[in-house]
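Numbered from 1 within each chain, the chains take letters A, B, ... in sequence-line order.
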Amino acid sequence: METYRDLPQSTYSLQTTESVRTGTWRTFRPIIDTKKCTRCYTCWKFCPDVSIELREEGDYPKVDYDHCKGCGICANECPTVAITMVREDSIC
Amino acid sequence: MLDLMTGNAAAAKAAMLARVEVIAAYPITPQTSISEKLAEMVANGEMNAKYIKVESEHSAMAALIGASYIGARTFTATSSQGLALMHEMLFWAAGARRPVVMPVVSRALGPPWNIWTDHMDVMGERDTGWMQLFCENNQETLDLILIAYRVAEDKEIMLPAMIIEDGFILSHTFEKVDVPAIEEIDFYLHPFNPDVKVNFRKPRRYGSLVMPDWAMEFRYNNALAMEKAKKKWVEAGIAFKKAFGRDYSSLVELYRCEDADVALIISGSAAGTAKVAADRMRERGRKVGVAKLRTFRPFPTEELLRLGESVRTIGVFDRSYTFAQGGAIYGEVRNALYPLASDVKVKGYIGGLGGRDITEAEFEKMFEDLLAIARSGSMTKDVEWVALKDGSWRWF
Amino acid sequence: MPRLTVPKEELVSKGHSGCAGCGATLLARMCLKALGPKTVINSPACCWSVVQGVWPRAALKVPVIDNAFECTGAVSSGIRAALDAKGIEDVTVVGWAGDGGTVDIGLQALSGAIDRRTDFIYIMYDNEAYMNTGIQCSGCTPLYAWTNTTPGGKNQEWKQVSKKPIMEMLIPNGIAYGATVSIAYPEDLVAKVKKAKSIRGTKFIHALSSCPPGWKIPSSKSVEVARLATQTGIFPLYEYENGAYVLSKDVKTKPVEEYLMSQGRFKHLTPAMIAEVQRRVDEDYAALKAKCKGAGASG
Amino acid sequence: MIEIRFHGRGGQGAVVASELLARAAVMNRLHAAAFPFFGVERRGAPVTAFCRIDLKPIRTHSEIYFPDYVVVLDPDLVSMTNVLQGLKPDGALLINSAKESCDLQHVKWGKVATVDATSIALKYGLGSENAPIVNTAIIGAFSKICPQVPLESVIESIMKASPGDKRANAEAAKEAFETVKGVW
């Protein structure tokens, strides 16, 4: 997309927001302890950023750290306190 | 076939002939009988359209933008305060490149509260990105709405259009109108099938939030489309002449200007009156002409420059005032003729505000005024209010 | 065996620009699970206009039509009329707006759409202030709440009146179905949105949508605070259809103080103010229960 | 004229940092202007803000493209956005980071100063655990590396206009002033 000639005629979207790495917004990251996790999927259900992944029912929930904003809802709602929020180790 | 009908009836008939699919209308004098006629035609099955009885003009335009994104041909009509209320959504329709076609029955904006015609309402919308054309008579109202759909829905244009008929003077006046058969119109105007419309297989967001990095370029594409529309109106006008015999092949209709010493530029119903006055002046050997500016947006700069090459004294009659230098058309004509500024005199006349009637006698006075300027080569006043009760103008 | 209690399909993309812990993003995710892909959303200026991301990107995997602040009701009517004109059926038209965009600036168009019996679902995500512009008071801001335009100050200028009773205002206007939903009860939410899909006419969903920056709560407490709103009776879950009210969950078990004190926007409340809130909540809850009989969508 | 660009995230106080710095310059009898990049502020989303300081009145009203200083309130932004964009060759970079400036893998630059503003902010209870407000600490550290804006002016500016607990913010600025390390 270099000039006005490359633009669509009007402003309609061309792709989803998946390429935006909102994971860099967080200060704390959730860590799931699969020993305590009962796979009740409460964390998956309450994640506002669609950042807890489940390929199949029965899998353990997995955090997508590229997108997780570290809001901490999953940790707060987990019935067996299997998720802890750990401060992000700064890369520089 | 020939019929006798008001301007409003002609507008409603045009919507029917264009096989409009979604109408959203709100009543306002003097446009109301368009909405009523449409409702009647839909109720009788003469029109197979969906008629949305909206609760405001703002909602009328909003509804049509939604409908147009689904791919439906849309229509509404309004006047004065209603058009002003739509202002936000006029920008929206143009920016969204939704080719809504809307007759505007022009009427003064209050206060003073006034239901009669002038062009203050439509001139207030000249920067919204809408195409704007003025009608001289009810035949033009019908024809221009049909031509407007063809140009507005052109894939290279995709801009909405306002077809302006003067309140009461045309909207409520019965005139002979030749109404083409709908089958003939189907040949001239193909169904609306936009590239950009809602598609569930490729979900998109229409409107979007564009940052400073690209917003200007989207606006530039709007501007290019408006420029391109000049050629499209001429082409569509020529095609209309071939199909129906009525000539709309120019953006400015020149009447007896070829050898004229002076010409009066004018838009709307008063152009007819001015032509009659010009004929009378011609009978007395005065070489005067009328340049009817039909297309105000896109603005016909090139055609006006050609006029300025042959006619060196030009008057501009405005039914509007801009609180700056004269009327809206006057300002833009002088702007367009600036390259000829040293040889062409341009004078502005403001009249007919708030429904004030403008007579042939007054047009003759304007022509005499222009002829005096042409002879003397000097102009005492740039802009004059015509038939203003200031003690100077005598009513016969 | 572990199983999902709400549909698995995701129609909201990752990478959207909602604040961390935003209730409205969770709400959209849940609603779209119930609505499905054959849905066209129109949405005015609101948080979600920005949450969807910047061109050329968009966060929702269904068509979305942006509209101006006042227009959601009108654009919804336009979309439905065009779908009907084109003979396109089995499409759910959804108007998706914030509280201010609904009860204040958008009320006229919404009332018009209801009056026209436009067939669509209007979902109001209620974060109880104009949040996109930075937390200003709206018609849905609760009694005594702090916002940037009810900042308290020397003259105690908090919000002086209760929330606009939008459901009670729209029922006589003629909605075919009304329901309150909350991000804290997703199963109840999904059941009600699915029920709304099955009914013709205008359906109104009032969704409580917590807002960490606006309510001054930690982002992690977004769901918990929403749950407290229902457990204290401040935001009861119920349905309305054909003159009948149905209470979805009779879980009013906690004092309003627990809800109020969990949020920074209420931390200035005096015991007297808390008592007044409790009195009004008890009064309203009793009135609602009196109207309620029978089982609701979620059984 | 010196020009400063702040990189931060919504909720970290980058815009307030530029304002407080400008106010500090004015208290030091200089002219100043501060403005954010006008965009979409979302808690956590990247935000840039700007500040101009000069001896004579500032009349330019456009963004800053070749700053003399770049201040990064959130270390993660270093890998995400090109924080060095347009920085003058002898310009200085101040980063909120617990690490020493020398072992910052991502930053190849001569003058780099670092201060652990996040720990300082958390120590003085500024902002929330999830979104610490690091702006007053950062401008405290900044006054160490920028002669035009002494610490006294920064403290004066904080006591006059800093949101929240002014005393705690002033303490944070002082501690950052003492603990900033690196080359500038």
Practice task
Look at C:Val91, C:Val93, C:Thr118 and state which one has the largest set of heavy-atom pairs under 4.5 Å with chain B.
Solution key: C:Val91

Exercise for the section: Check whether more than 12 heavy atoms from other residues, nucleotides or ligands sit under 6.0 Å from atom CG of B:Asn48, and answer yes or no. Expected result: no

Handout entry: Neighbour count above 12 (heavy atom, 6.0 Å) for B:Arg219 CZ
Key = no

Handout entry: Closest non-hydrogen atom pair, C:Ala85 against B:Glu21
Key = CB-O, 3.9 Å

Practice task
For C:Lys86, look at atom NZ and say whether over 12 heavy atoms of other residues, nucleotides or ligands are found less than 6.0 Å away.
Solution key: yes

Handout entry: Atom CD of C:Glu168: over 12 foreign heavy atoms under 6.0 Å
Key = yes

Problem - Non-hydrogen atoms of B:Val54 and C:Arg116 that approach each other most closely - result: CA-NH1, 3.3 Å

Completion exercise
Per-residue tally against chain C (heavy atom, under 4.5 Å) across B:Gly71, B:Gly66, B:Ala60 peaks at B:Gly66

Practice task
Give, as side chain, backbone, both or neither, the part of B:Phe218 having an atom under 4.5 angstrom from any heavy atom of chain C.
Solution key: side chain

Practice task
Name the region of C:Lys38, side chain, backbone, both or neither, that has any atom closer than 4.5 Å to a heavy atom of chain B.
Solution key: both

Handout entry: Separation between CD of C:Glu70 and CD of B:Glu88, rounded to the nearest 0.5 Å
Key = 4.5 Å

Practice task
Output the distance between atom CD (B:Glu55) and atom CG (C:Leu110), rounded to the nearest 0.5 Å.
Solution key: 9.5 Å

Handout entry: Under 4.5 Å from a heavy atom of chain B, the part of C:Val40 involved
Key = both

Handout entry: B:Met89, part contacting chain C, at a heavy-atom distance under 4.5 Å
Key = side chain

Fill in the blank from the handout: On a heavy-atom basis, the closest approach of B:Ile52 and C:Ser77 is CD1-O, 3.7 Å

Exercise for the section: Examine whether an atom of C:Thr39 lies under 4.5 Å from a heavy atom of chain B, and if so say whether it belongs to the side chain, the backbone or both; otherwise answer neither. Expected result: backbone

Exercise for the section: Find out whether C:Ile65 and B:Val198 are in side-chain contact, i.e. whether some heavy atom of one side chain is under 4.5 Å from a heavy atom of the other. Expected result: yes

Practice task
Would you mind telling me which of C:Asp84, C:Asn42, C:Thr72, C:Leu60 has the largest number of heavy-atom pairs within less than 4.5 Å of chain B?
Solution key: C:Asp84

Exercise for the section: Calculate, to the nearest 0.5 Å, the distance between atoms CZ and CD1 belonging to B:Phe200 and C:Ile88 respectively. Expected result: 7.0 Å

Exercise for the section: May I ask you to name which of C:Pro63, C:Ala113, C:Gly112, C:Ala74 has the most heavy-atom pairs under 4.5 Å with chain B? Expected result: C:Pro63

Handout entry: C:Gln52 side, atom CD; B:Leu209 side, atom CG - distance, nearest 0.5 Å
Key = 9.5 Å

Exercise for the section: Answer yes or no: are there more than 12 heavy-atom neighbours, outside B:Lys155 itself, under 6.0 Å from its atom NZ? Expected result: yes

Handout entry: Whether B:Arg205 side chain and C:Ser49 backbone form a donor-acceptor pair below 3.5 Å
Key = yes

Problem - Leading residue by heavy atom contact count with chain B [cutoff under 4.5 Å; candidates C:Ala81, C:Cys71, C:Ser76] - result: C:Ala81

